[in-house]
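The basis for the numbers below is simple: all heavy atoms, side chains too, and nothing from hydrogens, waters or symmetry mates.
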Amino acid sequence: MTGTTGGPLTAEAPAETPRPGRWLALAVLALAVLLVAVDATVLGLATPFLSEDLRPSGTQLLWIGDVYSFVIAGLLVSMGSLGDRIGRKKLLLSGAVAFGAVSVLNAYATSPEMMIAARALLGVAGATLMPSTLALIRNIFHDPKERSLAIGIWGAMASAGAAVGPVVGGFLLGHFWWGSVFLINLPVMAVLVLVGIKLLPESRDPSPGPWDLLSVALSMAGVIAVVYAIKEGATHGPRWDVAAAGAVGVAALVWFVRRQLTLASPLLDMRLFHNRGFSGAVLADLLTVLGLSGMVFFLSQFLQLVQGRNPLEAGLAELPAAVGAVVAGLLAGRAARRFSVRSVVAGGLAAIGLALAVLVWLQSGTSYPLLGAVLLVVGVGAGFSFTVTADVILSSVPREQAGAASAVSETAYELGAALGIALLGSIVTGVYRDFTVPGGVPAAAAGEARESLGGAVESAAALPPAQGADLLASAQEAFVEGLRIASGVGAVVLLATAAAAWFLLRGQKLEEGYGG
């Protein structure tokens, strides 16, 4: 591929000897991806149980859902750059140990505040994993076609984690307490560390320069403050503290960018964004996840608390999305070479947008075949688009900058997830809180029911059967109405992103393999 700026890739044209054991090394990296993906998906299933035990408010529940993404988004660029400097293998294995240890803290949280803090610490550990895995793939696989397949497998494992998480999590929730869903990280972490020590090659930037701590602080403060402002503004409306946080965040990010342009060894080389393919792929990832994440976060609650499925059934019901993403991810590189990068990415995004648009007609009693078909289309579209954009981003930079480029890609993903849960989640929560409480329901029960759908289920169970049924039906209908509106907004975002990707990725091509 030759981006709009030419780039360093022409220097890598001569064939290089394939690294022995590279596919076994990929299997280890896939375990790290599985670790993060499983953790992200089991939380949605555990939310009703967690709500019943810890009794978080609606705002605390949103924080539990998105603080992980906030922290990881704020730290990814710094951690990607750190991996380029100290070694990606060292950072990956250290992060895996920390991820496992903090998972135990999540499992045994005893209050909403402790759970939020534990999820934040998990974000710190998670920020070391994802950029390291992609950067190591960039350095292990020299042949472009092999690298495309490796990225497809990497993405497929993320999707497999999304499938395995709900199923295993559903089984655990049916037999143990909610904290057990976090403990499944421990055996995966143990295998990753023990095998990774032997199989993974170390790689780093040979002349990285110093790690600028002021840039680290600015990037983290800027991202977290901006996301916080958006989240709080969407949830509670304009306030002076929200405006102040937003202003501080924007100022920190502007300072960060200006500082990177003057440093001899920047934390993030801003010239990467001169490449139209790189910028277009990053923007596509951010907006895609923004449009998807709110729907995904609340879908498990819909399947369990509205349609009455148990956790294992809800996990199995979400399988079509993961199956579609796995298959599409493995075929994405070949499809992009046969057709074009922009047609595969834009087509995948348009498919997701149309699938979300169907959910505008969602009802409490919507049959599963329709839901399953929607999830399958979402999975296929995401598998095609995310795999190809990851390939474009990695191929746009020299190997020594792979950590920073991977971090930008993952930052877009995590920032999109945080913004999606904040904005679309706030739509669901805002519509839900306005539901009409049937007459005669005690004020305390009504207040608890308005906090969350899980609270409504618990309140309804404590009321006389007829009154409880009326309260629950009203709460469920309001929740579904919020989900319909959020899905419509998500559909508009995805279709607009598909149109933008069609123009921004014009002329982009994936590199051909050395043998042909």
Hey, are the side chains of [X] and [Y] touching, using non-hydrogen atoms and a 4.5 Å cut-off?
X      : Y      : answer
Ile352 : Val377 : no
Met189 : Ser103 : no
Arg309 : Tyr368 : yes
Trp154 : Leu136 : no
Phe256 : Met220 : no
Leu26  : Ile137 : yes
Thr389 : Val345 : yes

Do you know the tightest heavy-atom contact between [X] and [Y]?
X      : Y      : value
Arg342 : Ala501 : CB-O, 4.2 Å
Ile393 : Ala281 : CG1-CB, 3.7 Å
Leu287 : Leu494 : O-CD2, 4.4 Å
Ala127 : Leu75  : CB-CB, 3.7 Å
Arg276 : Arg506 : NH1-O, 2.8 Å
Ala336 : Val388 : CB-CG2, 4.0 Å

*Do Thr497 and Thr288 meet the criterion of a side-chain donor-acceptor pair at a distance under 3.5 Å?*
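Absent: no donor and acceptor within the cut-off.
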Could you grab the distance from atom [atom1] of [X] to atom [atom2] of [Y], nearest 0.5 Å is fine?
X      : Y      : atom1 : atom2 : value
Ile140 : Leu29  : CD1   : CG    : 5.0 Å
Leu349 : Phe384 : CG    : CZ    : 12.0 Å
Leu186 : Phe99  : CG    : CZ    : 10.5 Å
Phe141 : Ile151 : CZ    : CD1   : 10.0 Å
Lys90  : Leu82  : NZ    : CG    : 9.5 Å
Leu359 : Leu371 : CG    : CG    : 7.0 Å

*side-chain contact (heavy atoms from CB on, under 4.5 Å) between Leu253 and Leu218, intermediate numbers included*: CA-CA 7 Å; Leu253 290 177; Leu218 289 172; over 6 Å; no
Any side-chain to backbone donor/acceptor pair from [X] onto [Y]? Under 3.5 Å, distance only.
X      : Y      : value
Asp391 : Thr387 : no
Ser94  : Leu91  : no
Ser279 : Phe273 : yes

*List the steps, then state whether side-chain contact (heavy atoms from CB on, under 4.5 Å) holds for Leu122 with Arg119.*
CA-CA 5 Å; Leu122 203 64; Arg119 293 290 293 169; 3.7 Å; yes
_Please determine whether the number of non-hydrogen atoms from other residues, nucleotides or ligands lying under 6.0 Å from atom CZ of Arg334 exceeds 12._
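Not buried by this count: 12 neighbours or fewer within 6.0 Å.
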*State which residues pass side chain to side chain donor-acceptor pair (under 3.5 Å) with Thr366; sequence neighbours excluded, sorted by chain then number.*
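Result, side chain to side chain donor-acceptor pair (under 3.5 Å) vs Thr366: none returned.
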*Mind checking what makes ring-ring contact (aromatic ring centres under 6.0 Å, His included) contact with Phe503, not counting sequence neighbours?*
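Applying ring-ring contact (aromatic ring centres under 6.0 Å, His included) to Phe503 gives none.
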